[in-house]
Amino acid sequence: MKIKHIETVRVSDPADVIWVRVHTDTGLIGLGETWYASKTVESAVHDHFAPLIVGRDPFAIERHWVNMFRLSDHAGYGGAELRAISAIDMALWDIKGQAAGVPVYELLGGAVRKKIRVYATGAPFEGAGELAKELIDDGMIAMKMGPTIPVATPSEGQYLSPKELDRVLQPFRDVREAVGDGIKIANDGHGKWALPVAIQIAKAMEPLDIMWQEDLMPLLNPQALRQLQDSTSTPICISERLLTRWQLREFIENGSAQIVMPDLIWTGGISETHRIAVMASAHQVPVAPHDATGPVNIFACAHICMNSPNAMIMEHVRPYLYGWYGDFVDPLPPIEHGWLAAPQNPGIGTQLRPEVFNRPDVELRVSDESIMVPGMGDEGWGGGKNFSDEMWSDMEQMLNFRAQGSPSPDQMKLIKEDFPVDLYTGDDSKPNPKNDEGDEQ
Amino acid sequence: MIISKIETIRVGQFPDLIFVQIHTDTGLIGLGETWYAASTVETAIHDHFGPLLIGRDPAEIERHWQTMFRLSDHAGYGGAELRAISAIDVALWDIKGQALQMPIFEILGGGTRHRIKVYNTLGVYGDITDGYDVWTDPVGVAKRLLDEGISGMKMSPTDFIARESDGQILFKDDLDWALRPLREIRDKLGMEIDVANDAHGKWNLPNAIKIVREMEPLRPMWHEELISPLNEQAHVRLQAATSTPIAAAERLMTRYQHRRFIESAAARISMPDLTWTGGISEVKKIAILASAHQMPIAPHDCVGPVNMFACAHIAMTTPNVMIMEYNRAMHLGWYRDFIEPDFVIDGGYLMAPTEPGLGTRLKSAVKERKDVIVRTSNEKAEPWLMSSKRYTYPPPELQEEFINSNDRRKTGSEAVYYD
């Protein structure tokens, strides 16, 4: 099977969401999604990553992930490029699942559960108690709100008076008055506060029995977060904005995170979220996947949750689920009465509705085989003349494998010419073509 | 699909080797293997873990791993029970691959390479006497490997000289005697061949430090188990004493033991044994953990042919696999008596398996051998761990009352997978 072309789909409202569709020569189409700065993601998908993917085998997900990550990490990984990788990764798993005829969780090692609890994110400042009752009636056992987020602005998160702190606790008190201990409540701080204020907030909320304190501080320093966790009995939960296992690692290992919340469509897709869940499991840390973004993400997270013994609970936003999600995907995520069920369709389990492509505001972009490149653009550094014949043969084999059929002998010659400079003796008598593109020698 | 029968097969000729075949109602058979204390493993498979698997869906590998691990970890995980889990895990992946018509590495995320470099652990079996020859004709052995395209080898030059004092006293002239073959290789062949040093945990820490310093100019590929991996802090000190990588080796069990060696920089290479540490599932997890620390893994093999296939799948899909162990004497000597097709070593590389699942099967002739011991079981049981009759649970009528008292308890009870 080969990837024929990659298509992105976005609309004016919601403007931040973008879908990636990976088309294969068999007719199978893989669906991925990400959210935030969708135009930049679109450009990364087509201009940066598509040339590595189009024309190649969609089954080699791990290889594509590593190739895309290395390409982006040449100038520091993260941001829109990692969101593009996340969406592409998800689409490739969708293809593999469809080809095998099983839901993606079966490929990850099979299910450890039939369904996972969801919690509802978002509550009004007034009326949180009423909402809690409604949620319990709908089968929900947990909710999340963030009343401290808006009050951080006046001081840029550096100061919160005792009076204001007391005021922002009101929605939590309303919930406890309305339903007692009948529901768990998480607090989200969106990374707004300095350490002393974060500690103040966590301590003040302790009597209200908080499920977790999420992102009270910016996630920039694991040592600072460790101080917060040491100062409160409430579990600290972090964070959708930590990217890949390499950023989450320190927070898990130094004990600052008792719960981790990767955002699958930001941190590197199904592949990377699975790896984060495994790493957390070695520290007996549970995983509570993030979602406030798009419907396909919930499907992808469902596969992670079905397969990961340390999955705790899944986020969802009810106004989105019952609102705009239905305009774009069919079927909707299987969420009912407080539970997210195992998706049953092969692959990721959903697809874009045909109407999406007829919307007046739809922006489609396609990259096809005309953008194929021969092999992975390995660093055009010197050393070529020092390579033994065995090394050249190994390199040829690896490049051939990566390119699945290409490069041709002519292309191989071109690649060899990329290695004319002797790195060890500094002999650069032959010009290095890559240097013209700004690579330093 | 459900698991209908579990079968173990072992032979008198190799008393430590045991194969497990998991049979399903569709006729698909999954093959697994482990090595060491085979009769104890056999008992663990049939009396302890088999009843958790019979009648259940083989596709739910992660669930079965968890159930088996928790059952065994009730009294401290490890040993024969973990080897039994490892063999079963491999057989379940074999079934999944066959059912989905994909080699296992495709299910694990697809290939990042189509072959992996191997090094030869010098062994002795039948006509192949690499392990003895290296003492008398080290350059000849190295050249023979290089001719086959194999550019790395592993030897254990210090095992013998550790014997007298049980590793407590090291004489310089003893060490010189033991290192003579390696020095001869370096004199005659330079760095043409990479050589790893394995000591099977024979030395105490001060002698291990002496050895790594003495061997520094010989530039070994790595030092493996100069001391037993019982304490990662001792390994930290050993690693700090040398620029040569220390390999945290095969006797570390699961990600939970590997974690401490990885995170404390006690080793620079991780070497899990797939058939001991928890199977394909667990080695994949150890590789992920190591990758977060930019640490390569070099899977262990000195056990059996099925392990080579299982490790091949890990190696094809895992970017941070460095090299694969290969025992030429065992492979050419006896592996092919047991499996069909054989794995392919080509020009110093282990090639990607191409058949669905694991890529090999146990030869039918094995079960016809005179020295074969076959045991099968097909009894289903409720895992006591998940049983509603657990002694820490209230009496059944009180359980019912609790579960039916509200929706949260009722729907939660329905979500439990264990039937």
Side-chain angles (χ1 to χ4, degrees), chain A residues 57-67 92-93 96 99-102 105-117 136-137 139-141 182 244-246 248-249 252-253 271 274-279 281-284 306-309 337-339 390 393-394 397-398 400-402, chain B residues 57-67 69-70 92-93 96 99-102 105-115 117 149 151 254-256 258-259 262-263 280-281 284-289 291-294 316-319 347-349 352 406-408 411-412 414-417:
Chain A
D57 179 1
F59 276 18
I61 304 173
E62 182 84 28
R63 169 163 68 96
H64 294 311
W65 198 97
V66 171
N67 281 355
L92 295 176
W93 279 106
K96 187 168 277 205
V102 291
Y105 67 80
E106 284 289 2
L107 303 176
L108 300 175
V112 296
R113 54 173 65 85
K114 295 168 185 164
K115 52 183 185 175
I116 185 124
R117 298 251 192 212
I136 290 173
D137 285 346
M140 225 83 67
I141 61 149
T244 77
R245 79 205 94 144
W246 293 293
L248 277 156
R249 180 183 75 74
I252 293 173
E253 287 175 13
S271 297
H274 178 60
R275 292 191 275 261
I276 289 164
V278 166
M279 188 169 68
S281 79
H283 290 260
Q284 301 175 287
M306 293 314 136
N307 168 254
S308 303
H337 303 307
W339 293 91
E390 291 83 7
S393 152
D394 285 0
Q397 287 246 13
M398 182 54 102
N400 262 313
F401 169 70
R402 283 181 178 177
Chain B
D57 183 354
E60 289 154 359
I61 304 173
E62 184 74 32
R63 166 196 174 196
H64 295 308
W65 199 98
Q66 286 293 325
T67 319
F69 181 77
R70 288 178 197 181
L92 293 175
W93 278 105
K96 186 175 280 254
L100 303 181
Q101 283 296 302
M102 289 179 181
F105 73 81
E106 285 290 6
I107 306 173
L108 298 174
T112 60
R113 51 171 75 87
H114 66 303
R115 54 180 200 172
K117 201 182 253 304
S151 60
T254 75
R255 81 203 93 143
Y256 306 109
H258 275 275
R259 183 184 73 74
I262 293 170
E263 289 173 11
I280 289 173
S281 300
K284 181 73 189 160
K285 287 172 181 155
I286 291 164
I288 288 168
L289 212 56
S291 79
H293 289 258
Q294 301 176 282
M316 294 314 142
T317 188
T318 307
Y349 288 85
N406 69 34
D407 267 4
R408 169 167 61 84
T411 60
E414 288 161 6
V416 178
Y417 218 144

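In the text below, chain A, chain B and the rest are named by the order of the sequence lines, each starting its count at 1. Computation of the quantities below employed the complete heavy-atom set of this structure, encompassing side-chain atoms and omitting hydrogens, waters and symmetry-equivalent molecules.
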NZ on B:Lys284 to CZ on A:Arg275, rounded to 0.5 Å: 7.0 Å
Considering all heavy atoms, the nearest B:Gly111-A:Ala60 contact: O-CB, 3.6 Å
Electrostatic pair A:Arg249:B:Glu263 at N-O distance under 4.0 angstrom: no
Separation between CD of B:Gln66 and CZ of A:Arg113, rounded to the nearest 0.5 Å: 9.5 Å
Nearest non-hydrogen partners of A:Glu62 and B:Gly110, listed with the distance: CB-O, 4.0 Å
Most contacts with chain B, counted as non-hydrogen pairs under 4.5 angstrom, among A:Gly182, A:Gly338, A:Ser271, A:Ser281: A:Ser281
Contacting moiety of B:Trp65, where chain A heavy atoms sit under 4.5 Å: neither
CG on B:Leu289 to CZ on A:Arg245, rounded to 0.5 Å: 10.5 Å
Toward chain B, the part of A:Leu107 with a non-hydrogen atom under 4.5 Å: both
Nearest-0.5 Å distance that lies between atom CD in B:Glu60 and atom CG in A:Asn307: 11.0 Å
Among the listed options B:Arg115, B:Lys285, B:Gln294, B:Met316, the residue most often paired with chain A at heavy-atom distances under 4.5 Å: B:Arg115
Inter-residue atom distance A:Met279.CE - B:His293.NE2, 0.5 Å rounding: 7.5 Å
Heavy-atom pairs under 4.5 Å with chain B, option from A:Ala282, A:Pro58, A:Gly101 with the top count: A:Ala282
Sidechain-backbone polar pair: A:Trp246 side chain, B:Ser291 backbone, donor-acceptor under 3.5 Å: yes
Gap between atom CD1 of A:Ile61 and atom CD1 of B:Ile107 - 0.5 Å precision: 11.5 Å
Short N-O contact, A:Lys115 and B:Glu414, less than 4.0 angstrom: yes
Heavy-atom closest pair, residues A:Ala111 and B:Arg63: O-CB, 3.3 Å
Segment of A:Trp65 engaging chain B (4.5 angstrom heavy-atom cut-off): neither
Chain A contact via B:Glu106 - which portion, at a heavy-atom distance below 4.5 Å: both
Minimal non-hydrogen separation, B:Lys96 against A:Gly109, with atom names: NZ-C, 4.1 Å
Heavy-atom proximity to chain A below 4.5 Å, by part of B:Arg408: both
Residue pair B:Leu100 / A:Ala100: nearest heavy atoms and the distance that separates them: CD2-O, 3.7 Å
Closest contact, heavy atoms only, B:Glu62 versus A:Gly110: CB-O, 3.9 Å
Leading residue by heavy atom contact count with chain A [cutoff under 4.5 Å; candidates B:Thr317, B:Thr318, B:Asp407]: B:Thr317
Residue, of B:Leu92, B:Thr411, B:Thr254, that accumulates the most heavy atom pairs under 4.5 Å with chain A: B:Thr411
